[in-house]
2 protein chains.
Amino acid sequence: MDAVRDEAAGKRARGLDRAFEILDFLRQKRQALKPNEIAAQIGAPRSSVYELVNLLLSNGILEFTGGEGRVYLGRKLYFLGAAYENHFDFTRECEATLEQLADETRETAQFCMLDGNRYTVVRMREGARPFRISTDVGQSVPIPWTASGRLLVAHLSNEEILNFIPPQDFRLPGGEWLEPQTFIAEVRQAEREGLFTFNSIVDSFTHCFAVPVRGEEGHAAATLCLVTPRDDGIANRDRYLDCLKKAATGLEHAPSRPKRG
Amino acid sequence: MDAVRDEAAGKRARGLDRAFEILDFLRQKRQALKPNEIAAQIGAPRSSVYELVNLLLSNGILEFTGGEGRVYLGRKLYFLGAAYENHFDFTRECEATLEQLADETRETAQFCMLDGNRYTVVRMREGARPFRISTDVGQSVPIPWTASGRLLVAHLSNEEILNFIPPQDFRLPGGEWLEPQTFIAEVRQAEREGLFTFNSIVDSFTHCFAVPVRGEEGHAAATLCLVTPRDDGIANRDRYLDCLKKAATGLEHAPSRPKRG
DNA sequence: CATCTACGTCCAATATATCGTACATGTGAT
DNA sequence: ATCACATGTACGATATATTGGACGTAGATG
């Protein structure tokens, strides 16, 4: 995950960082794992992982589940996440907006944000004829693989973008190399036009539409997307973009705004 | 919070524990705070808190919000919490059950769980005539203050219960002292009857009904509650308990059950 | 039976995280 | 002007957390 972090090698990792590395790893895997497996797969010393896992267990951050000593994210995290959601109260409006988008277009609608230096689908509403979407809700995906990615980093300078995105994330799922300069050009284009659309990089049969949901600072705090069969997308391009833009405008008066205080 | 932890005094606190103490504290306060305020209010060294807050900020666990350098729970926690919720997929059923309960009774219905060694309302549906409920969603409350509390610890032995509940939590909000032996007796009664009801300890005008939602291990993983005006509650006691029990039975086939694997 | 891997625990060495303290700044009260 | 307080930063000492490696077990494989 954070291979970048091990700069100089030979250094000890801080417990806190390792702990959150473990949590993030479990989130990615979306299943309970044994401490031993975790250690092996994130490349951390076994003894450290056992120590940390036990600490996290006793705090309710992790829980035993799935038997055989496997652990997964714990209830405490749910409570903390709920407090965040309650504070930045975007869920209700978001859900309604996706609903409406799906109604208007019959296509799959998504609400997406950055998760650190990667991209993630926060909420999704499947369209009328659901097909296998390549990226599930909650999975982190390299920013350059997605249409939304072009919008979510548009507030950064070229140099900041290159520092922000892990270099290996420019390697596309098919194995091809996306030239960072090409990506940057697309970012700037998306910024000018206030939207980005392309034939999905991740699969070979969908077209993706993304528009920004701007936060208080004026830059894209999130995106709204449609994922459509290529024919449909190209045929309905203008109407779909209209729907997206209206929806995004509607959301911009709600998200990331503290409820009180 | 964990005054108990500082057993021998003079010891250093572990970073991980302090970190989660900070997170829990922010959750309780439900607002952004300056690192300095956090340090003062949880009684931790300022330098440690600054160090930890910066670490958590750089991990996305905390976020700047509210200006003046104030911090609050961050987006990463939301993602982790969503992963938990997704794994133990109880939300949908839970929401529907509360809806139905509120419809049938016109009273306030709650879904409650333990949060470590305290009690918390996870979800709530307000009744027909909403009144000021004393405990908000997400707040942690001493176990002995609540009807649900009697059920949530019923799987523990008497001794385990006394070790589990912080002693100071037997001091009721009015200042009176609830004798632990009295509490234990009520726990055993609740266990036998599979329910607990009483006039709220927290306020002077509501009656509370609680029934267990049993998990796979057979003990109360959560509770369903009704909070009613005292007259209503006493008048409709049997009907309300019927509704609650049916609802709980309905939930028991869903909660805390991993979706897959 | 011998060997290998997966799993968990224990332990000592040392790199370092925690914490007390001092310093710097701004603000408001006296 | 002087004091008190809140806020953030810097730094060294030392208690300790992280880590590699040893150890024990169990199951699978040859």
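It should be emphasised that the depicted structure is a prediction, and the values quoted were computed from it without experimental measurement.
The side chain of Arg14(A) places no N or O atom within less than 4.0 Å of a non-bridging phosphate oxygen (OP1 or OP2) of dT16(D). Put simply, Ser47(B) has no side-chain N or O that comes within less than 4.0 Å of OP1 or OP2 on dC19(C). Within the 4.0 Å cut-off from OP1 or OP2 of dT19(D), at least one side-chain nitrogen or oxygen of Arg18(A) is found.
Distance Glu51(B) CD to dG8(D) P: 15 Å, rounded to the nearest Å. Straight-line distance from the CG atom of Asp17(A) to the P atom of dA17(C): 9 Å, rounded to whole Å. If you measure from atom CD1 of Ile42(A) to atom P of dT18(D), you get 13 Å, rounded to the nearest angstrom. In this structure, Leu33(B) atom CG and dT7(D) atom C1' are separated by 14 Å, rounded to whole Å. Distance CD (Gln41(B)) to C1' (dA6(D)): 13 Å, rounded to an integer number of Å. Look at CG on Leu52(A): it is 13 Å from P on dA17(C), rounded to the nearest Å. Regarding Leu16(B), its CG atom lies at a distance of 12 Å from the C1' atom of dT18(D), rounded to whole Å.
Within the 4.5 Å cutoff, the side chain of Pro45(A) has no heavy atoms near those of the Glu51(A) side chain.
Counting heavy-atom neighbours within 6.0 Å of Glu159(B) CD, excluding the residue itself, gives a total of 12 or less.
A salt bridge does not link Arg118(A) with Asp115(A): none of the charged nitrogens is closer than 4.0 Å to a carboxylate oxygen. Taking the charged nitrogens against the carboxylate oxygens, Glu37(A) and Lys29(A) have no contact shorter than 4.0 Å, which rules out a salt bridge.
The backbone N or O of Pro144(B) lies less than 3.5 Å from a partner atom in the side chain of Arg150(B), making a donor-acceptor pair. Put simply, the side chain of Arg171(B) never gets that close to the backbone of Leu178(B): no donor and acceptor are under 3.5 Å apart.
Nucleic acid contact for Ala13(A): sugar-phosphate only, since backbone atoms but no base atoms lie under 4.0 Å from a heavy atom of the residue.
Legend: residues meeting side chain to side chain contact (heavy atoms under 4.5 Å, CB included) with Glu176(A), ordered by chain and number and at least two apart, are Leu172(A).
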Are there any protein N/O atoms within less than 3.5 Å of an N/O atom in nucleotides 3-7 of chain C, and if so, which ones and at what distance?
residue : atom : partner  : partner atom : Å
dC7(C)  : OP1  : Lys34(A) : NZ           : 3.4
dC7(C)  : OP2  : Asn36(A) : ND2          : 3.1
dC7(C)  : O5'  : Asn36(A) : ND2          : 3.4

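Taking every side-chain heavy atom of Arg12(B) into account, dA15(D) is the closest of dG20(C), dT14(C), dA15(D).
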